[in-house]
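Have a look at the structure below, then the notes.
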Amino acid sequence: MPHTYHGIGMTEHPANRTLWKEPTVLRLLIVAVLAEIGYAVLNISTMPVYLRDDRKFGATAVALVLTGFLISEAVMKSPMGHFADRYGSRRLMLIAPLITIGTCVASLFLPRSEGAPIEILGFVLLRLLDGVGAAMIWPSAFAMMSNSVPDAKRQQGMSLLNMCYMVGIALALPIGGLVEDSTASLFKSSTGSNSGGIMLAALLFAGVFLTVHFFVKTDAKPTEDHDEAQGLKTLLSTFKQIPAYLILSLVTFIGLGFPMTIIKFFALDEFGLSATQFGAFVMPGAILMAVMSVPVSKFGEKLGKARAVHWGMALCGAGISLICLGAIFSAFRSPVVLGLAGVPVGLGFLMVVPAWMASVADLDPAKRAANIGAVMTAQGIGAVIGAPLGGMAYEKLVPVGQAVNIPHLGHYSPFIATAVCLWLAFLISLRILREP
């Protein structure tokens with residue numbers, strides 16, 4: 001006899017059909033893939049290069065603009081998770097893509113002033129709105145996935161969303177780079193800027209909206225409590241209930257934030273890759289990570305959530321440390337080393353995220369989106385701290401490295417800071433996360 005999971009109404013057949021084939025899960029994964037491709041095209045592939053090459057922003061200004069997105073996303077994820085619990089995840093997932101479509105269009109028409117403060121401020125405000133949209137989508141998606149699967153498969157469900165993240169990045173970088181390179185002359189002659197990537201992002205978010213509107217028809221039942229004062233009290237109590245999770249999230253994402261805004265600059269400046277070549281370089285590894293996402297998460301289930309986090313953190317720290325050696329040794333200063341280092345980083349990432357999110361989702365079934373949102377807020381705040389520091393270090397430490405006869409120190413400094421934070425997070429995880 002079919003068993004109905006709580007919240008969404010998905011059924012498990014006696015044959016134990018593969019989780020991703022369940023209609024509700026599959027539709028949610030399609031939304032997640034489209035959204036992640038859209039955000040990765042906009043914020044990782046297109047916007048940094050667009051701001052530097054077309055708007056003439058410096059690396060510090062680029063980092064400041066993208067930090068606006070990270071700040072907004074970080075601050076708003078917790079309240080948006082709370083709203084998803086109260087009013088339904090689907091409603092927020094319909095509003096979010098419309099916001100980002102608007103900011104993409106506005107980015108193209110913002111008056112030019114060669115990186116003047118008013119122009120920088122305009123882009124910061126647009127990215128703040130982007131952050132609100134992202135904050136609506138991700139807690140809602142994780143909460144909807146959590147409500148869509150049985151308890152025994154929750155870690156698998158989280159790994160599927162993690163897989164969508166990797167597939168999104170894998171497709172976004174080559175697609176974004178290809179669009180930028182192939183349409184550069186067309187758009188420069190007609191609009192004066194290489195705006196193909198931004199237009200692509202707008203189309204992707206239109207796809208997100210249409211997919212949610214036509215195919216995601218069900219949602220967890222919102223709470224009937226509409227007392228705003230009580231809602232705020234519940235939101236604040238979330239932060240007090242899970243401080244250890246928030247600390248670990250903060251430290252980890254401070255580290256991950258350091259190379260966030262400069263990773264494409266790094267590949268172009270250190271290895272001489274074009275935008276298309278960089279996307280082609282990243283795609284195989286990201287696709288492999290997507291394929292390995294579920295198997296690695298199943299291995300993590302056997303290890304247990306705490307051990308999966310411990311092992312994953314150690315692998316990530318080891319991989320980033322290998323990249324850092326390029327600051328001193330020329331033999332480690334190549335795309336090959338970068339690719340090899342990505343293997344332990346990727347495996348560690350695949351182990352950590354599902355175990356981490358499943359642990360958070362299990363804390364309180366009545367506040368899944370709120371708890372997930374709180375952890376994502378801590379992650380976002382960490383990225384907000386790390387991203388501008390990484391941008392400034394990449395730009396400002398170049399003369400310092402030259403002065404001490406380590407000329408590549410400046411460009412490698414964000415990765416060095418990442419390694420320090422990841423190893424610190426590993427030590428913290430050993431202290432605060434233990435198997436029951």
Side-chain angles (χ1 to χ4, degrees), residues 40 43-45 47-49 51-52 57-71 73-74 127 169 173 249-273 275 278 281-282 285-286 313 315-330 332-342 344-346 348-349 379-404 406-426:
N43 293 303
I44 298 177
S45 178
M47 192 58 63
V49 178
L51 292 176
R52 185 176 76 165
F57 287 15
T60 302
V62 172
L64 178 63
V65 170
L66 296 183
T67 299
F69 169 82
L70 297 173
I71 289 175
E73 185 183 22
R127 303 288 76 78
I169 292 179
L173 291 172
S249 296
L250 181 69
V251 173
T252 301
F253 275 77
I254 287 175
L256 296 180
F258 280 110
M260 185 177 295
T261 62
I262 56 87
I263 183 65
K264 196 167 184 176
F265 297 163
F266 178 80
L268 273 58
D269 295 342
E270 286 291 318
F271 307 137
L273 301 179
F278 177 64
F281 173 76
V282 171
M313 286 288 186
L315 285 170
C316 289
I320 296 296
S321 297
L322 180 62
I323 295 174
C324 295
L325 294 175
I328 301 175
F329 304 106
S330 60
F332 291 89
R333 202 175 302 134
S334 75
V336 174
V337 173
L338 188 65
L340 291 175
V345 173
F349 182 85
Q379 293 172 350
I381 291 173
V384 165
I385 295 171
L389 293 177
M392 287 187 288
Y394 187 85
E395 187 175 46
K396 304 298 184 183
L397 292 184
V398 169
V400 174
Q402 293 172 343
V404 297
I406 308 177
H408 295 271
L409 176 64
H411 287 174
Y412 276 87
S413 60
F415 296 98
I416 296 172
T418 298
V420 172
C421 289
L422 287 178
W423 284 117
L424 177 59
F426 168 71

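Because the structure is predicted, anything quoted here is derived from the model rather than measured.
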Testing the basics here: between [X] and [Y], what is the closest heavy-atom pair and its distance to 0.1 Å?
{"X": "Asn43", "Y": "Met47", "result": "CA-CB, 4.3 Å"}
{"X": "Ser321", "Y": "Trp423", "result": "OG-NE1, 3.1 Å"}
{"X": "Pro388", "Y": "Ala383", "result": "CD-O, 4.2 Å"}
{"X": "Cys421", "Y": "Phe258", "result": "SG-CE1, 4.0 Å"}
{"X": "Pro48", "Y": "Leu66", "result": "CG-CD1, 3.7 Å"}
{"X": "Gly390", "Y": "Pro414", "result": "O-CG, 3.6 Å"}

Taking the side chain as C-beta and beyond, is there a heavy-atom pair between [X] and [Y] under 4.5 Å?
{"X": "Phe415", "Y": "Ile263", "value": "yes"}
{"X": "Val337", "Y": "Ile323", "value": "no"}
{"X": "Ile71", "Y": "Thr67", "value": "yes"}
{"X": "Val345", "Y": "Leu322", "value": "no"}

Take the angle between the ring planes of Tyr412 and His408 and call it parallel below 30°, perpendicular above 60°, tilted in between.
perpendicular

Would you call the rings of Tyr394 and His411 parallel, tilted or perpendicular if under 30° counts as parallel and over 60° as perpendicular?
parallel

Under the criterion side-chain contact (heavy atoms from CB on, under 4.5 Å), I'd like the reasoning laid out for Glu395 against Ile262: C-alpha separation, chi angles, the key distance, then a yes or no.
CA-CA 10 Å; Glu395 187 175 46; Ile262 56 87; over 6 Å; no

Can you measure from [atom1] ([X]) to [atom2] ([Y]) and round to the nearest 0.5 angstrom?
{"X": "Glu73", "Y": "Arg127", "atom1": "CD", "atom2": "CZ", "result": "12.5 Å"}
{"X": "Ser249", "Y": "Leu256", "atom1": "OG", "atom2": "CG", "result": "10.5 Å"}
{"X": "Arg333", "Y": "Phe271", "atom1": "CZ", "atom2": "CZ", "result": "9.0 Å"}

Worked verdict on Met313 versus Thr252 for side-chain contact (heavy atoms from CB on, under 4.5 Å):
CA-CA 9 Å; Met313 286 288 186; Thr252 301; 3.1 Å; yes

Assess the residue pair Ile254 and Leu389 against the criterion (side-chain contact (heavy atoms from CB on, under 4.5 Å)); give the C-alpha distance rounded to whole Å, side-chain angles, the decisive distance to 0.1 Å, and a yes or no.
CA-CA 10 Å; Ile254 287 175; Leu389 293 177; 5.9 Å; no

Set out, in order, the CA-CA distance, both residues' side-chain angles and the distance that settles side-chain contact (heavy atoms from CB on, under 4.5 Å) for Leu64 and Thr60, then state yes or no.
CA-CA 6 Å; Leu64 178 63; Thr60 302; 5.7 Å; no

